[in-house]
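One structure is given here, and the rest of the page talks about it.
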Amino acid sequence: MGDVEKLYEDYKDHADFLTIYVREAHPTDEWQMKSNGKDKDDVCYAQPKTLEQRVAIANDFTKRFKYSVPFGIDEMNNAANDAYAAWPERLYILDENGRVSYKGGNGPFKYNPKEVRAWLTERYGEVEHPEANSASDKKS
Amino acid sequence: MKRTLKWMGIAAAVILVAAYTVLSMMAGGPRDALLMVRYALPHMHRGVLKVGDAAPDARLVALDGETRFHLREHLSGRPLVLVFGSFT
């Protein structure tokens, strides 16, 4: 989600952002990834069975990454997930009139924040990064 | 006849092994291939939403676990980027 946070920081003056936490992709009781293990990233959770469990994991996530993007949690009926065919991860951009303007591909392979950045850049222009620019100036 | 059957069997086995190998490479390992078929594929959908469609609404829960709000409440006359995902 690091890329998304950067997008949010760059474009929050122009666009609104909303993260929607949906059912887990790689819980311990389903397809757990080795990289999620205790000795690595240490994100070991069983698939939430109750809303309380889902809320608890969402809070762990936002605390661990000091995640600042506005946040909502899908209800246990997975209404948002089903309406947007979201799982395991997917990006959308809705336009000013509430219509789908961009529909990203299914994660993880087709999940691409760069496409969202391109959309925002086309409309609002490139966001200047003073630090990044000065670093590249030094190189050249 | 017997020979044909034998070769057909061998060909089928080769195709199966090749398919499973490709799946394993995509998923990250032989065990992951099984788990992907069991847990991931049933939940992955292309969905029916298309560019230009009105964005569906859904009721969401805030991080406090109590407050409810609707996705479309976040439409404020500006574009809205939706980021769907989970922790793991």
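All values below were derived from every heavy atom in this structure, side-chain atoms included, with hydrogens, water molecules and symmetry-related copies excluded. So that the names make sense, note that chain A is the first sequence line, chain B the second, and so on, each numbered from 1. This is a predicted model, so every value here is computed, not measured.
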Heaviest contributor of heavy-atom pairs below 4.5 Å to chain B, chosen from A:R123, A:R54, A:R23, is A:R23
Comparing A:D74, A:N106, A:N36, A:N78 against chain B, the one with the most heavy-atom pairs below 4.5 Å turns out to be A:N106
So, the part of B:L80 with a heavy atom under 4.5 Å from chain A: the answer is both
Interface check, chain B: of A:L51, A:V116, A:L120, most non-hydrogen pairs under 4.5 Å belong to A:L51
If one checks every heavy atom of A:D60 against chain B at 4.5 Å, the contacting part turns out to be both
Greatest number of non-hydrogen atom pairs under 4.5 angstrom with chain A, of B:T67, B:L34, B:L63, falls to B:L63
ask   = Is a side-chain N or O of A:E30 found less than 3.5 angstrom from the main chain of A:P27, in a donor-acceptor match?
value = no
Considering only NZ, NE, NH1 and NH2 on the basic side and carboxylate oxygens on the acidic side, decide whether A:K103 and B:D53 come within less than 4.0 Å. no
Worksheet item: Taking the side chain as C-beta and beyond, is there a heavy-atom pair between A:Y45 and B:S86 under 4.5 Å?
Response: no
*Candidate pair A:I57 and A:Y21, rule side chain to side chain contact (heavy atoms under 4.5 Å, CB included), full reasoning*: CA-CA 9 Å; A:I57 300 176; A:Y21 173 84; 3.3 Å; yes
Output for pair (A:D13 CG, B:R78 CZ), nearest 0.5 Å, gives 7.0 Å
Given B:M44, B:R38, B:R31, the one with more heavy-atom pairs under 4.5 angstrom with chain A than any other is B:M44
Open item on the list: Tell me whether the rings of A:F17 and A:Y8 are parallel (<30°), tilted (30 to 60°) or perpendicular (>60°).
Closed with: perpendicular
When the 4.5 angstrom heavy-atom criterion is applied to A:E52 and chain B, the contacting part is neither
Exercise for review: Anything under 30° is parallel, anything over 60° is perpendicular, the rest tilted; go ahead and classify A:Y92 against A:Y84.
Suggested key: perpendicular
Of B:A58, B:G77, B:G52, B:S76, the largest count of non-hydrogen pairs under 4.5 angstrom with chain A goes to B:G52
Honestly, the part of A:K63 sitting under 4.5 Å from a heavy atom of chain B is neither
When the 4.5 angstrom heavy-atom criterion is applied to A:T62 and chain B, the contacting part is side chain
Looking only at B:V48, B:V81, B:L60, the option with the highest number of non-hydrogen pairs under 4.5 Å against chain A is B:V81
The interface call for B:A62 against chain A, heavy-atom contacts under 4.5 Å, is backbone
Max heavy-atom pairs within cutoff under 4.5 Å with chain B, candidates A:Q32, A:H14, A:E24, goes to A:E24
Do the ring planes of B:F87 and A:F61 sit parallel (below 30°), tilted (30 to 60°) or perpendicular (above 60°)?
perpendicular
* Asked: Does A:K49 NZ have over 12 foreign heavy atoms under 6.0 Å away?
  -> yes
Which of A:L91, A:L18, A:I20 passes side-chain contact (heavy atoms from CB on, under 4.5 Å) with B:F84? It is A:I20
Margin query: We want to know whether A:E115 and A:Y102 form a side-chain donor-acceptor pair, criterion being a heavy-atom distance below 3.5 angstrom.
Written below: yes
Answer key: most heavy-atom pairs under 4.5 Å with chain A among B:G28, B:G47, B:A55 is B:A55
If one checks every heavy atom of B:R72 against chain A at 4.5 Å, the contacting part turns out to be side chain
Bottom line for B:R68: the part with an atom under 4.5 Å from chain A's heavy atoms is side chain
